[in-house]
Amino acid sequence: MNFQAVRAIYGFEMARWGRTLTQSVVSPVLSTSLYFVVFGTAIGSRIAEVDGIAYGAFIVPGLIMMMLLTESTTNSAFGIYFRRFTGTIYELLSAPVSAFEITLGYVGAAATKSVILGLIILATASLFVPIHIAHPFWMLAFLVLTAVTFSLFGFIIGVWADGFEKLQIVPMLFLMPLTFLGGTFYSIKMLPPFWQTIALFNPIVYLINGFRWSFYEISDVNVAVSLGMTLCFLSVCLVVIWWIFKTGYRLKP
Amino acid sequence: MQPIISVSDVSKTYATGHVALRTINLDIREGEIFALLGPNGAGKTTLIGIICGLINPSSGHITVAGHDIVRNYRTVRSMIGLVPQELSTEMFETVFATTAYTRGLFGKPKNSAFVEKVLRDLSLWDKKDSRIMALSGGMKRRVLIAKALVHEPRILFLDEPTAGVDVELRKDMWNVIRRLRDDGVTVILTTHYIEEAEEMADRIGVITKGELIVVQEKHELMRKLGKKQLVLELQKPLDAIPAALQKHALELAPTGTSLTFTYDTQAERTGITALLADMREAGIGFKDLATSQSSLEDIFVDLVRQSR
Ligand SMILES: Nc1ncnc2c1ncn2[C@@H]1O[C@H](COP(=O)(O)OP(=O)(O)OP(=O)(O)O)[C@@H](O)[C@H]1O
Ligand SMILES: [Mg+2]
């Protein structure tokens, strides 16, 4: 195991983030706060409670999840795509590092960033509404697990994309709609029965509900299933990355 | 002695169907400077890419110091430094940070003093805190060399290290390369400046259209394939080469004032004596004569032309 290399990659990526700290922290915090003001305050004044939780507080876990998904994916995708784009990937490919070490460095850094952002947003939200966390351990576990999973997912996108448009398209076209439809702002029990069934096919429903359960002990789905789904998606991403390095897909001609 | 790099039956066909390398067999000796020459698109970068693990070969296998480059990739890659042809650098990093990063990537413990030494050797020390994008092309090239040397490799690949580099810097680089060789580093370089190969290399390989057509000691190559020419300045201009001299390999200058005789230095008889005798007999006098030897450049151009 080449620990020096993992440390070098991780440190390098974190330094890149540090240089653009304002932009990388301020923009997600600001947009989440805006969601919070618009949905939490404007709509929250009409919907008093969902499952006995004040609406403003109800949407906090969903909002954090939404930000976590997009940030992990784009951050990680950009990190590896940029190296392919500038050609500096040659260095990584010619270095004595294994696929596992490269992934650990990149995905580790991307996941660290989103977990930090998630905690910052949680702190921001607690300024607006009182937040109670029933299961802090599971809250962190879901946070870390989701950050890692979607950083892996982003890594795959970054290897697959052959232009900046494709890099943007996945978060825009898949993640945004799925999170919006995934019960960030409502309980899926509020949907008509037909749409409730459809919603169960949306993997993000499970992530949001698992996370929300760790706060308020309310969930539209079984929490064990939530955890299972997350681990399942994580394994799929790992297998795809293993395959990418084995075949050199989009990395080696 | 066991070769430091051994390339056996390596070929490469790209996904586009383009055959970039036919069957390549090549041994690189430890401690030598090997120059790979060839026209654009010959397959030089492809061959280097395969050895360094950037490109998957279509067939064949390679060992470095006896280790298979796929199975023992860690051992092999930590021995190799690569300076790519393209100026692929980070943009926003500083020179020092990017160089230190590479050392870590290659599994070497932090050593600021060594990074400093490498940067000083390449006259980059006063630029250590500059962002790379703010450097000139030649300076970026130096950064790439620094990155390739910072993990103390035993083998260095330089893919056109002096492209777009001014005369001063080129001389500097030659000195750096010589110093490396003195330290026992094996150097494989590609270049389009033949004088560079002539100046630096111990051995030369010529590759065209994916085939290695010659691999030879530089001196032997120049002696074997080098032609000599004898130029005779005539006393009186000629309209055509006289019949009495037709049997000699002569060329008449367009002005008719000089004859050029090309001969092979390797041959038993160069034919000079016979030519001079025939000229006296035909009554053609000359007022001056000069000989010239073909440069590596002429040899190279000839070789490539023949293989077309
Ligand atoms: N990724 C690729 N896909 C398809 N063809 C490629 C690829 N890379 C290189 N080639 C082709 O393979 C051939 C050899 O390319 P290579 O870069 O090895 O040449 P070279 O000898 O380094 O040339 P130059 O002196 O211009 O650097 C060229 O015809 C090139 O067009
Ligand atoms: Mg090339």
Side-chain angles (χ1 to χ4, degrees), chain A residues 1-24 78-106 108-109 159-160 162 164 243-253, chain B residues 12-16 18 20 45-46 48-58 69 72-94 97-111 131-133 144 147-148 150-151 153 157 159:
Chain A
M1 180 83 178
N2 184 346
F3 284 108
Q4 296 286 353
V6 177
R7 214 173 65 178
I9 297 172
Y10 184 88
F12 202 79
E13 285 297 296
M14 292 307 283
R16 184 166 68 81
W17 191 57
R19 260 198 316 271
T20 52
L21 200 62
T22 359
Q23 162 196 344
S24 19
F78 192 78
I80 191 77
Y81 178 76
F82 196 62
R83 287 188 169 264
R84 291 175 54 224
F85 179 73
T86 57
T88 48
I89 186 100
Y90 86 86
E91 196 179 25
L92 216 47
L93 296 177
S94 67
V97 289
S98 66
F100 178 69
E101 289 151 4
I102 295 178
T103 313
L104 197 60
Y106 274 97
V159 172
W160 163 79
D162 48 15
F164 278 101
W243 175 83
I244 283 175
F245 280 104
K246 186 160 165 56
T247 59
Y249 173 77
R250 297 257 164 125
L251 292 179
K252 292 186 192 186
Chain B
K12 175 67 186 175
T13 307
Y14 279 108
T16 54
H18 182 87
T45 302
T46 304
I48 291 179
I50 291 174
I51 301 174
C52 294
L54 307 182
I55 299 174
N56 289 325
S58 304
I69 63 162
N72 298 326
Y73 71 96
R74 274 190 208 272
T75 323
V76 167
R77 292 186 192 170
S78 55
M79 281 194 270
I80 295 181
L82 166 66
V83 181
Q85 180 172 6
E86 305 292 333
L87 282 176
S88 318
T89 54
E90 306 291 336
M91 291 191 264
F92 307 106
E93 305 301 325
T94 65
T98 196
T99 313
Y101 161 75
T102 306
R103 188 173 163 90
L105 196 60
F106 278 75
K108 288 274 154 67
K110 262 203 174 96
N111 184 343
R131 285 182 169 201
I132 298 174
M133 65 181 177
L144 289 179
K147 280 164 81 80
V150 77
H151 66 275
F157 284 93
D159 201 351

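Throughout, protein chains are lettered first and strands after them, A, B, ... in sequence-line order, and every chain is numbered starting at 1. Fair warning: this is a prediction, and the values are worked out from it, not measured in the lab.
For A:Thr247, the part sitting under 4.5 Å from any heavy atom of chain B is the backbone (N, CA, C, O) and nothing else. There is no contact between A:Phe3 and chain B, counting heavy-atom distances below 4.5 Å. Both the backbone and the side chain of A:Leu92 have a heavy atom closer than 4.5 Å to some heavy atom of chain B. Only the backbone of B:Lys108 comes within contact range of chain A, with at least one heavy atom under 4.5 Å from a heavy atom of that chain. Neither the backbone nor the side chain of B:Thr46 comes within contact range of chain A; no heavy atoms are under 4.5 Å apart. If you measure heavy-atom distances from B:Tyr14 to chain A, the contacts under 4.5 Å come from the side chain alone. Using a 4.5 Å cut-off between heavy atoms, B:Thr89 touches chain A through its backbone atoms (N, CA, C, O) alone. With a threshold of 4.5 angstrom between heavy atoms, B:Met79 does not approach chain A through any atom at all.
Atom CD1 of A:Ile9 is separated from atom OH of B:Tyr101 by 5.0 Å, given to the nearest 0.5 angstrom. The CG atom of B:Asp159 lies 11.0 Å from the OH atom of A:Tyr90; values are rounded to the nearest 0.5 Å.
Salt-bridge check for B:Glu90 with A:Arg16: failed, with every basic side-chain N at 4.0 Å or more from each acidic carboxylate O.
Looking at heavy atoms from C-beta onward, A:Pro96 lies in side-chain contact with B:Phe106 at the 4.5 angstrom threshold.
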